[in-house]
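What follows is a single structure, written as structure tokens, with notes after it.
Residues: numbered from 1 along the sequence shown. Only heavy atoms go into these numbers, but all of them, side chains included; no hydrogens, no water, no symmetry mates.
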Amino acid sequence: MKPFSAFRSPAVRDSLGVGVAVGIAGLAFGTAAVAAGLTPMQALFLSVFAFTGASQFALVGVIAGGGSLVAGVLGALLLGARNTLYGLRLADLLGWRGVRRAVAAHGVIDETTAVTLAQPDRASSRLAFITTYTVLGTFWTSTTVIGALATDRVGDIDAFGLDAVGPAIFLGLLWPRLRDGGPRSWLIAGLGAGTALAATPFLPPGVPVLLAAAVALLALFGPDPSTKTISGPDSADTHTEEVHP
């Protein structure tokens, strides 16, 4: 293997792109946190130990709106519950045990999950997870501090449109899986998106995401897409065989 060849792999390329682009959105969180009444140190603490952007925004949003800290924490936990579903999938894919699994659990978020699941094998998945986790974590915490300290110098952080970066990248990573997934993937994606859009005006932040994730349970029903039925001239000859891509 040539030196540094791993750094030119698609796994690292995707990870670096996602990590840098989404990590910059920490500017928005740092600014929002201080504007809501948190200190820069408290904002940094959340970015380091919570490290789940949407839940962090939900927490400071409740505080900024005059809600209690308990209500904010409960809302953040509700929104972050989706990471549990991600963890169940990544645990088998990455195959880590003990301390490595515990450390990796801290990095299971939307972006690390999306990049990891897009890889073709376990080695690439591990490389993608580690790279995305490291780069995104570094940029997210660094830009949180910058945003928190620069709050007085930034007029309107929403004008930068940083809140749209994460969803846009996530959809970009999801597209190849939808394109190659067949009718079932499109059905699940459509039902999930429709459920989230319909619920958003009526339910608290986080609940529409959980409802949309629950639609994925549809994948548990119906025939296994990796098998097909082959019928011979006689119905007794009907059998199934594995189909490998």
Side-chain angles (χ1 to χ4, degrees), residues 1-23 51-53 80 82-140 165-190 192-193 209 212-230 240-245:
M1 179 181 295
K2 296 181 179 180
F4 305 110
S5 60
F7 293 97
R8 295 194 296 269
S9 69
V12 172
R13 180 194 62 210
D14 295 342
S15 301
L16 289 174
V18 171
V20 173
V22 179
F51 188 56
T52 170
R82 70 192 187 281
N83 293 338
T84 302
L85 302 177
Y86 298 157
L88 293 175
R89 176 68 182 92
L90 293 184
D92 290 335
L93 178 61
L94 298 175
W96 285 325
R97 298 289 185 270
V99 176
R100 284 189 296 178
R101 173 178 284 195
V103 173
H106 179 261
V108 176
I109 56 176
D110 295 335
E111 290 77 18
T112 54
T113 300
V115 179
T116 300
L117 292 180
Q119 307 310 314
D121 53 61
R122 172 170 289 183
S124 297
S125 295
R126 287 178 169 179
L127 179 60
F129 181 89
I130 292 172
T131 307
T132 306
Y133 182 19
T134 302
V135 175
L136 177 53
T138 300
F139 272 81
W140 180 260
V165 173
I169 291 178
F170 192 82
L171 289 175
L173 291 169
L174 182 64
W175 173 252
R177 299 181 67 84
L178 288 176
R179 182 186 58 200
D180 301 330
R184 174 179 291 185
S185 295
W186 281 102
L187 174 63
I188 294 172
V209 176
V215 176
L217 293 175
L218 293 174
L220 299 178
F221 302 96
D224 186 346
S226 65
T227 63
K228 68 178 181 179
T229 300
I230 300 177
T240 61
E241 70 176 19
E242 293 290 335
V243 178
H244 301 282

Full working for side-chain contact (heavy atoms from CB on, under 4.5 Å) between Asp110 and Tyr86: CA-CA 8 Å; Asp110 295 335; Tyr86 298 157; 2.7 Å; yes
Heavy atoms of Leu93 and Arg122 approach each other most closely as O-NE, 2.9 Å
Any chance you could measure Asp14, atom CG, to Thr131, atom OG1, to the nearest 0.5 Å? 10.5 Å
Between Leu90 and Thr116, what is the shortest heavy-atom contact and its length? CD2-CG2, 3.8 Å
For Val108 and Gly87, work out which heavy atoms get closest and say how close. CG1-N, 3.7 Å
Between Ala128 and Gln119, the two heavy atoms sitting closest are CB-CG, 3.7 Å
Under the side chain to side chain donor-acceptor pair (under 3.5 Å) test, residues paired with Thr112 that sit two or more places apart: none
Residues which pass side chain to side chain donor-acceptor pair (under 3.5 Å) with Thr132, listed by chain and number, not counting sequence neighbours: Ser15
Relative to each other, are the rings of Phe129 and Trp96 parallel, tilted or perpendicular (30° and 60° limits)? perpendicular
